[in-house]
Amino acid sequence: MTPVTPEVRVPRLVGLMAMDARETAAACGLLLHAADRPDFNRTLVDHVVRQYPPPGGAVPRDSVVYIWFDFGPQEGGGGAGVREPRVPRPPGGGLQRELDEPGDPHAVVSPV
């Protein structure tokens, strides 16, 4: 018979899919609670973005680890991306044809 240790290390769950997070926590003797997913037991492919307590900490066996699948306000979520429209606009380029010099190349010349 294997001795039961009173404390276990919290695994890193951030980045795992929901089903993998459940299996990892169960293997360590921990329970999971996802406050932002009432249907957590049916959630499969959503990825964990945050957890508490943090990985590596020692907690009693059968403790609850809280996980989240959505970023909260002021947290990540892609807020640092490019914002459009950019002013001034980027210069043209690529396969644009070169423009003629200013002025009408076909100006009508009146006879003198």
Under 4.5 Å between any side-chain heavy atoms of Pro11 and Leu30, yes or no?
yes
Considering only residues two or more places apart or on different chains, which pairs with a residue in residues 8-37 satisfy ring pair (Phe, Tyr, Trp, His ring centres under 6.0 Å)?
His33-Tyr66
Say whether Tyr52 and Val64 are linked into one hydrophobic cluster, either directly or through other cluster members, by side-chain heavy-atom distances under 4.5 angstrom.
yes
Are Leu16 and Leu32 linked, directly or through other ILVMFWY residues, by side chains that come within less than 4.5 angstrom of each other?
yes
Flag yes if Val10 and Val8 sit in one hydrophobic cluster, no otherwise; membership is Ile, Leu, Val, Met, Phe, Trp, Tyr, and two members link when side-chain heavy atoms are under 4.5 Å apart.
yes
Do side-chain atoms of Glu7 reach the backbone of Ala58 as a donor and acceptor pair under 3.5 angstrom?
no
side-chain contact (heavy atoms from CB on, under 4.5 Å) filter on Arg37, not counting sequence neighbours, yields Ala34, Asp39, Phe40, Thr43, Asp46, Phe69, Asp70
Take Leu44 and Arg22 through the test side chain to side chain contact (heavy atoms under 4.5 Å, CB included) and record every step on the way to the result.
CA-CA 10 Å; Leu44 299 175; Arg22 280 193 296 268; 3.8 Å; yes
Report the distance from atom CG of Leu31 to atom CZ of Arg61, rounding to the nearest 0.5 Å.
11.0 Å
Atom CZ of Arg50 and atom CG of Asp36: how far apart are they, to the nearest 0.5 Å?
8.0 Å
Just so I know, are the side chains of Val59 and Val65 near enough to count as touching, which here means a heavy-atom distance under 4.5 Å?
no
Could I get the full list of ring pair (Phe, Tyr, Trp, His ring centres under 6.0 Å) partners for His47, not counting sequence neighbours?
none
Does Glu23 reach the main-chain N or O of Ala25 with its side chain, forming a donor-acceptor pair under 3.5 Å?
no
